[in-house]
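Okay, structure first, notes after.
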Amino acid sequence: MSSLLEVSGVSVSFDGFKAINNLTFQIGEAEMRAVIGPNGAGKTTFMDIVTGKTRPDEGRVLWGEKSQSLLSMSESQIAQAGVGRKFQRPTVFEDQTVAENLMLALKKKRGPLAVLGFRASRADQDKVVELAEEIGLSAALDRKSGELSHGQKQWLEIGMLLAQEPRLLLVDEPAAGMTPAEREHTTEILVEAAKTRAVVVVEHDMEFVRRLNCKVTVLHEGSVLAEGSIDHVTSDEAVIEVYLGR
Amino acid sequence: MTDTTFAPARQPIVKRYPVVLVFLGCLALFTLGVTILSEGFGIGVISTSFVKTLGKTLCLCLVALAMDLVWGYCGILSLGHMAFFGLGGYAIGMWLMYARTEIIVVQSLSAAPLPPTAQEISDGIATQIFGVVGASEFPPIWAVAHSLPLQLAAVVLVPGLLALVFGWLAFRSRVTGVYLSILTQAMTLALALYLFQNDSGLRGNNGLSGLQNLPGLGHVPQSTVSIWFFWASALALGIGFLLCTWVVSGKFGSVIRAIRDDESRVRFLGYPVEAYKLFVFTLTAVIAAIAGALYYPQAGIINPAEIAPIASIYLAVWVAIGGRGRLYGAVMGAAFVSLLSTYFTGGQAPDINLGFYTIQWVNWWTVLLGLSFVVVTLFAPKGLGGLFDLIAARTSPNRHGADLGPDVGALREKEAEK
Ligand SMILES: Nc1ncnc2c1ncn2[C@@H]1O[C@H](COP(=O)(O)OP(=O)(O)OP(=O)(O)O)[C@@H](O)[C@H]1O
Ligand SMILES: [Mg+2]
């Protein structure tokens, strides 16, 4: 399998503190990957680097079949290239309705002039309704997203992520604040998505990760500590020491 | 239920936004009323000078619309939009002054035995216009002052280009929030200081005057001219309102409100945020310039003091008092505050004698305005526009005291509508 994203030798430090230390990571076209690690391991910072929010001090981040460097691209260019991201803290546009949030995310031309002349077609509207159904928010389409519960906002953000139709989904702690049934549903959505695209899920909840049934990467102090199946990493001495044994 | 969400998007804008129809209706009625009551076209209850005041107020409403678009919707607290307003005024003022002086000079030279050469006429005009600053030649920026179409183009192009270049530099370096506001203040201050110089080419602190006299229409009384400008201002405000409503409705409006509340999140959706900001900043600068070009012929005079930083701060105050983030709120704020301001500072308001101290409104008005700004910001953040929510029984989402976005320009919870 050719790799979609290739991160190699990346380091970044904040005021002398090395948050990411010589990190190397690869993911293929249609692959699911779970990333686990203790608090402060650098999981979110890793996503920041891939999405262009944080510039690494050294290393390479290559994307797609042309091995394009993401480091010279702006956040919006990276997103347009096909990297979608769900944040750890749900961030939706609170002053706008669920429908507007989804419409914003829908994969369409992003330039100001194109957007100024944009008219939602029947197909676009159907797509929004379909997405809302999938994330259980059909009844809330006209509600301001600021009124939604924490869990519903998580859902909305997942919906927005799917609406973007990215080639790579970076999902930071999707199940936080969800009921067990909702977690189940999230798992289904992510597994379904991973059939056609690459998905990276950061999660603390081991049960959740186990259900994803995929390769796991363990981060610790900014670099990869172990990689393999969930059973492999959970039996790794070093992993047990820094993460599970606490 | 999906129909309620989307179907209206297919109807014309006035149907989707009844407020547009209400607004245009009110504006039309107001225009008709003033015309009927005016000296020029009606029964003469309203004096010509008051017609001019009302016409100027409409222009201020138009620039307030622009301010609301850039600040209330896009979250860019520009404290420099009155500079664009002033530049628009200067651009039209140059033609007005040139063309009228030309007529006077040609007239006075026609008495001479030999017909005057083009050079003599040009020199005559230059001496007339620049005598006050001790010059007698046209500065290069007056190159096209003889041409109305070209000066009209300058009304749009000069402020538009300034906004484009300034915005490009500022947004590209991701200057936001307070720093951007300070930068815009610096821009307007620099421009005012430059224009104050006698060799700026725009008559220094004398500014341009006599702008109320339309060249070639000296026989038309001011009572008539004032109504013409009043109509033009009302028309511009109506079109401006339609344009702004169109821009903020639909997906573009959705994107800029998202930028206001959480700019970085918008970037991760793939939108080039800087391009949007630049677009809105430049568009609103052009609207402001057109408003200025209609305002100063009614005011009769423009000088660099009009571009002073405080003018742009007042503009923000009007929009805040009217209620940012809704277009009719900005119009209400500008109309209400500027008319009140005319009343209090014009010496019409009776002084209040407290026995030990006499409150003279000319001085105390600014204090009152400042206080009401503070009160509105603290206790009624939706401003005057919020009064309509009482009728419409709107409620706000409960955010438990948190703002609607992490950015400095984000709506506060108290400002949000349901
Ligand atoms: N912008 C920043 N400035 C300074 N330090 C930062 C910055 N971003 C992250 N850090 C630090 O880098 C380290 C890694 O943070 P990161 O958010 O990536 O951890 P994480 O693995 O996502 O943790 P959690 O499980 O708590 O979300 C932390 O020690 C954090 O304090
Ligand atoms: Mg994190």
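Reminder, nothing fancy here: chain letters follow the sequence lines and each chain counts from 1. Note that the coordinates shown come from a computational prediction; the quantities given were computed from them, not determined experimentally.
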Could you tell me whether a side-chain N or O of A/E75 sits under 3.5 Å from a main-chain N or O of B/R267, the two making a donor and an acceptor? no

Please check if the number of heavy atoms outside A/R143 that lie under 6.0 Å from its CZ is greater than 12. yes

Could you measure the distance from the OG atom of B/S254 to the CE atom of A/M103? Nearest 0.5 Å is fine. 9.5 Å

So that I can tick it off, tell me whether A/E94 and B/R260 are bridged by a salt bridge, with the cut-off set at under 4.0 angstrom between side-chain N and carboxylate O. no

Backbone N or O of A/P112 within a donor-acceptor pair of the B/Y271 side chain at under 3.5 Å? no

Modelled atom types, side-chain donor and acceptor of A/T91 and B/R265, under 3.5 Å: yes

Where is the tightest heavy-atom contact between B/A258 and A/L104, given as atom of each residue plus distance? CB-CD1, 4.0 Å

For B/F268, the option from A/M160, A/K86, A/R85 that meets side chain to side chain contact (heavy atoms under 4.5 Å, CB included): A/R85

Can you tell which part of A/Q164 gets under 4.5 Å to a heavy atom of chain B, answering side chain, backbone, both or neither? side chain

Using the rule given for salt bridge (Lys or Arg N to Asp or Glu O under 4.0 Å), can you reason through A/E100 versus B/R257, listing the C-alpha separation, both sets of side-chain angles and the distance that settles it, and then say yes or no? CA-CA 11 Å; A/E100 282 173 314; B/R257 280 179 292 137; 3.3 Å; yes

Can you tell me which of A/S76, A/G52, A/P166 forms the most heavy-atom pairs within a distance under 4.5 Å of chain B? A/S76

Quick check on A/L161 against chain B: is it the side chain, the backbone, both or neither that has a heavy atom closer than 4.5 Å? neither

A side-chain contact here means heavy atoms from C-beta on lying under 4.5 Å apart; do B/V255 and A/F118 qualify? no

Identify which part of B/D262 has an atom lying under 4.5 Å from any heavy atom of chain A, answering side chain, backbone, both or neither. both

Part of B/V266 lying under 4.5 Å from any heavy atom of chain A: both

Can you find a heavy atom in the side chain of B/P272 that is under 4.5 Å from one in the side chain of A/Q80? yes

